[in-house]
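All heavy atoms count here, side chains included; hydrogens, waters and symmetry mates do not. We count residues from 1, following the sequence as given.
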Amino acid sequence: MTQIQKNSPQENFSKIFISQSEEDTRRYGEELAKELKPGDVLALSGDLGAGKTALTKAIAKGLGIDDMIQSPTFTIVREYHSGRLPLYHFDLYRLGDEDELFEIGFEEYLYGQGVCVAEWANLFDDLFPEHTIRIHIEYGETETQRIYKRI
């Protein structure tokens, strides 16, 4: 794992993290999960295939969720309750407008007792609370390299 640009001592992971492999991504997500508490929200953005779902799977594993994590592309949200915290996994890619989110109780999820992870969050960025952890994922220089930027 390669890490650069360390944050203040209060923050336990880098603003920029470069993953060289799926294993690096798994460790990054698991470490991130250790810091999560009820009501935390993660907004993921990045190109198609950049690794948003892979990171979500790693976060779920770090939360102790053993269920198979699948992208909620057609269901908007999938709920997982088998870990130390519930995980609410959103995919906002196919949404037509924000009303669809509110119809499924989006605000209750955001301010609930679980952790929300939203893929394609940049499409509805203004709907997320101020405390949201935003992570943009970019392709790196090699096929397996990914760059995770906290923005």
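Linking ILVMFWY side-chain heavy atoms closer than 4.5 Å, directly or via other members, places Leu44 and Ile69 in a single hydrophobic cluster. Residues Leu123 and Leu48 fall within the same hydrophobic cluster, defined by Ile, Leu, Val, Met, Phe, Trp and Tyr side chains chained together at heavy-atom separations under 4.5 Å. Linking ILVMFWY residues whenever their side-chain heavy atoms come closer than 4.5 Å, directly or via other members, leaves Leu85 and Tyr109 in distinct clusters.
Taking 4.5 Å as the limit, every side-chain heavy atom of Val77 sits out of range of all side-chain heavy atoms of Leu101. Inter-residue side-chain proximity for Ile104 and Phe90 is flagged as met; some heavy-atom pair is nearer than 4.5 Å. Side-chain contact between Leu36 and Leu42 is present, with at least one heavy-atom pair separated by less than 4.5 Å. Under the 4.5 Å side-chain criterion, counting only non-hydrogen atoms from C-beta, Leu127 is in contact with Phe102. No side-chain heavy atom of Val115 sits under 4.5 Å from any side-chain heavy atom of Tyr88.
Evaluation of the side chain to side chain contact (heavy atoms under 4.5 Å, CB included) rule for Lys149 yields Ile16, Glu138, Ile147, Ile151 as partners, not counting sequence neighbours. Partners of Asp47 under the side chain to side chain contact (heavy atoms under 4.5 Å, CB included) rule, at least two apart in sequence or in another chain, are Tyr139. By the side-chain hydrogen bond (donor to acceptor under 3.5 Å, both in side chains) test, Gln145 pairs with Gln20, sequence neighbours left out. For Ser71, the side-chain hydrogen bond (donor to acceptor under 3.5 Å, both in side chains) criterion is met by Thr73, Asp91, not counting sequence neighbours. In this structure Glu30 satisfies the side-chain hydrogen bond (donor to acceptor under 3.5 Å, both in side chains) test together with Arg26, sequence neighbours excluded. Evaluation of the ring-ring contact (aromatic ring centres under 6.0 Å, His included) rule for Tyr80 yields no partner, not counting sequence neighbours. Annotation: side chain to side chain contact (heavy atoms under 4.5 Å, CB included) contacts of Leu110 (sequence neighbours excluded): Val41, Phe106, Cys116, Phe128, Pro129.
To the nearest 0.5 Å, atom CG of residue Leu87 and atom CG of residue Leu63 are 6.0 Å apart. Atom OG1 of residue Thr144 and atom CD of residue Glu23 lie 12.5 Å apart, to the nearest 0.5 angstrom. Between atom CD of residue Glu98 and atom CG of residue Leu92 there is a gap of 11.5 Å, rounded to the nearest 0.5 Å. A distance of 9.0 Å separates CD in Glu22 from CZ in Arg146, rounded to the nearest 0.5 Å.
Heavy atoms of other residues, nucleotides or ligands lying less than 6.0 angstrom from OH of Tyr93 number 12 at most.
Within the structure, salt bridge (charged side-chain N to carboxylate O under 4.0 Å, His left out) pairs that include any residue of residues 55-79 do not occur (at least two apart or interchain). Pairs passing the side chain to side chain donor-acceptor pair (under 3.5 Å) check and including a residue from residues 119-136, sequence neighbours excluded, read Ser45-His136, Thr53-Glu119, His89-Glu119, Asp125-Arg134.
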| request: Give the intermediate values and the outcome of side chain to side chain contact (heavy atoms under 4.5 Å, CB included) for residues Phe17 and Asp24. | output: CA-CA 10 Å; Phe17 173 79; Asp24 283 353; 4.3 Å; yes
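When all heavy atoms of Pro38 and Gln113 are compared, the closest pair comes out as CB-O, 3.4 Å. The two residues Ala50 and Gly46 make their nearest non-hydrogen contact at CB-C, 4.3 Å. Of all heavy-atom pairs between Ala121 and Ala43, the closest is CB-CB, 3.3 Å.
Remark: the Ser19 side chain and the Thr25 side chain contain an N/O donor-acceptor pair separated by less than 3.5 Å.
Met68 belongs to no hydrophobic cluster, as no Ile, Leu, Val, Met, Phe, Trp or Tyr side chain comes under 4.5 Å of its own.
Side-chain N or O atoms of Glu100 include one that pairs as donor or acceptor with a backbone N or O of Gly96 at under 3.5 Å.
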